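Take this structure, written in structure tokens, and hold onto it; I'll ask about it next.
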2 protein chains.
Amino acid sequence: MDGAELGRELSTAVVLFHEAVARRLGLNAADHKALSIITRNGPLPAGALAAELRLGASAITALVDRLERAGYVRRVPDPGDRRRVLICAETSGTPDLGAIFADLGREMSALMTKYDERELTAIADYVVNTIAVLKAQTARLSETE
Amino acid sequence: MDGAELGRELSTAVVLFHEAVARRLGLNAADHKALSIITRNGPLPAGALAAELRLGASAITALVDRLERAGYVRRVPDPGDRRRVLICAETSGTPDLGAIFADLGREMSALMTKYDERELTAIADYVVNTIAVLKAQTARLSETE
DNA sequence: GAGACTACTTCAATACAGTGAAATATTCAC
DNA sequence: GTGAATATTTCACTGTATTGAAGTAGTCTC
């Protein structure tokens, strides 16, 4: 199997894994993406989420309604600016999410014990550079739209 | 940056790249997924696509209509069974797609020249095993639904 | 070759996410 | 304080994808 083929396989596997996670959480792809932004970027105001997702303000209200109803996030009034609402990931309410990624993490850790120092360095370098290439390509594809 | 963080980053980069490709092709995520199945699995009957995507037959008709109208696929009557319609990827009609992946391939090839034989072996092994882990986790997530 | 079955399409109905305008509440500038 | 600006919500509407039932065409069994 050559490099390109391998890359496509990896890419497909990643995308399908994401879909499976979303299905498991009972979310569509867009809501899952929103949830991971919220989880990663900590509590953030609805407006910031709108900018990130390139959606209108009213779409965010509906989206957060769905996530809140499902128990994945919580609305908290911003103490600094009471017009704002901060969207917080509901960590206690999502045991699924933790378990899912813990399992994956465990398997990946086990995999990494196979390699020696030099191999690990090469792999990490490869991953870092692959991320950079993908980001650059994504930017290139997005710029002309 | 630790391994888990790196993995998440890679995963995000892959997903965002896919989204960018889809946007560039003027397709939504679902149609893009269908197109890549068609491209990869060669000409396949509508029913097979329905099974793959877990969609009803009529949804496939609409989906193929959209892809055909956009010039990405073609309906060809199956010579073996004339009830069937084979969905073929329209290679000539999609210069975009080729160009997009050629560019990515070129950058990835350039990256790979950095590594020596042993490092390349480790990287390939890592990718193969990561794919296996992701597939296993995807299956695990899907089985109980 | 008649009847049951299969593959796809058509059509009406439904579900859902997104938009844009108006409403509400709060902050900022003066 | 008053008026302009900002952040979110509500609401009516639009666009689009999916479903399920009915229809059409072809294949298989006997």
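Throughout, a chain's letter reflects where its sequence line sits, starting with A, and its residues are numbered from 1. Everything quoted here is computed from the prediction, not taken from an experiment. For the numbers below, each heavy atom of this structure counts, side chains included, while hydrogens, waters and symmetry mates do not.
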- Message: Rounded to whole Å, please give me the gap between CG in B:L67 and C1' in C:dT9.
- Response: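 In whole Å, C:dT9 C1' and B:L67 CG are 16 Å from each other.
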- Query: So, the side chain of A:Q137 versus the backbone of B:F17: is there a donor-acceptor pair under 3.5 Å, distance only?
  - Reply: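 Absent.
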- Quick one: which of D:dT27, D:dT10, C:dT9 gets closest to the side chain of A:T61?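 So the side chain of A:T61 is nearest to D:dT10.
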- Message: Side chain of B:D81, heavy atoms from C-beta onward: which of C:dT9, C:dA7, D:dT27 has the nearest atom to it?
- Response: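 The answer is D:dT27.
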- Message: Quick check: on DNA chain C, is the nucleotide nearest A:D31 upstream (toward 5') of the one nearest B:G47, or the reverse? Name the residue that is more 5'.
- Response: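 Nearest-nucleotide comparison on DNA chain C picks B:G47.
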- Query: How long is the line joining CG of B:L86 and P of C:dA7, in whole Å?
  - Reply: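 Nearest whole value for this atom pair: 13 Å.
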- Side chain of B:R84, backbone of B:D78: donor and acceptor closer than 3.5 Å?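 Here the side-chain-to-backbone pair does not exist.
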- Task: Ignoring the backbone of A:R75, work out which of D:dT19, D:dA25, D:dT9 is nearest its side chain.
- Result: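 When the side chain of A:R75 is considered, D:dT9 is the closest of D:dT19, D:dA25, D:dT9.
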- Query: Is B:R66 near enough to D:dA17 that one of its side-chain N or O atoms lies under 4.0 angstrom from OP1 or OP2?
  - Reply: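 Result: yes.
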- Could you state the atom-to-atom distance from CZ of B:R84 to C1' of C:dT9 in whole Å?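 Those two atoms, CZ and C1', are 16 Å apart.
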- Item | Minimum-distance nucleotide (side-chain atoms of A:S58 versus C:dT9, C:dG20, D:dT9) |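 Among the listed nucleotides, the one closest to the side chain of A:S58 is C:dG20.
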- Is any side-chain nitrogen or oxygen of B:R82 closer than 4.0 Å to OP1 or OP2 of D:dT24?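 False: B:R82 side-chain N/O out of range (4.0 Å or more) of D:dT24 OP1/OP2.
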- Message: Can you tell me whether the side chain of B:R83 and the base of C:dT6 have a donor-acceptor pair closer than 3.5 Å?
- Response: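 Donor-acceptor pair under 3.5 Å: yes.
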- Message: In this structure, how many angstroms lie between the C1' atom of D:dA17 and the CG atom of B:D65, rounded?
- Response: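 Distance check: B:D65 CG to D:dA17 C1' gives 12 Å.
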- Item | Separation of D:dA7 P from A:L49 CG (nearest whole Å) |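 That distance rounds to 14 Å.
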- B:L63 has an atom CG; how far is it from atom P of C:dT10, in whole Å?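 So the two atoms are 15 Å apart, to the nearest Å.
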- Query: Are any side-chain N or O atoms of A:S11 and backbone N or O atoms of A:G7, one a donor and one an acceptor, separated by less than 3.5 Å?
  - Reply: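 Not a single qualifying donor-acceptor pair exists.
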- Query: Can you tell me if B:Y126 uses its side chain to pair, donor with acceptor, with the backbone of A:V127 under 3.5 Å?
  - Reply: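 No: the side chain of B:Y126 does not pair with the backbone of A:V127.
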- Query: At under 4.0 Å between heavy atoms, what does B:N28 touch on the DNA or RNA strands: base, sugar-phosphate, or nothing?
  - Reply: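 Sugar-phosphate, no base atom in range.
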- Give one of base, sugar-phosphate or nothing for A:A46, where a contact means two heavy atoms less than 4.0 Å apart.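 The answer is sugar-phosphate, as A:A46 gets under 4.0 Å only of primed atoms, P, OP1 or OP2.
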- Nearest listed nucleotide, side chain of B:L55, among D:dT19, D:dG26, C:dT27: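 In terms of side-chain proximity for B:L55, the closest of D:dT19, D:dG26, C:dT27 is D:dT19.
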- Query: Expressed in angstrom and rounded to an integer, what is the separation of A:I60 atom CD1 from D:dA7 atom P?
  - Reply: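 Nearest whole value for this atom pair: 14 Å.
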- Side-chain (B:Y72) to main-chain (B:L25) donor-acceptor, under 3.5 angstrom: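 It does hold such a pair.
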- Task: Give the rounded distance in Å between these two atoms: CD1 of A:I87 and C1' of D:dT9.
- Result: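 Result: 12 Å.
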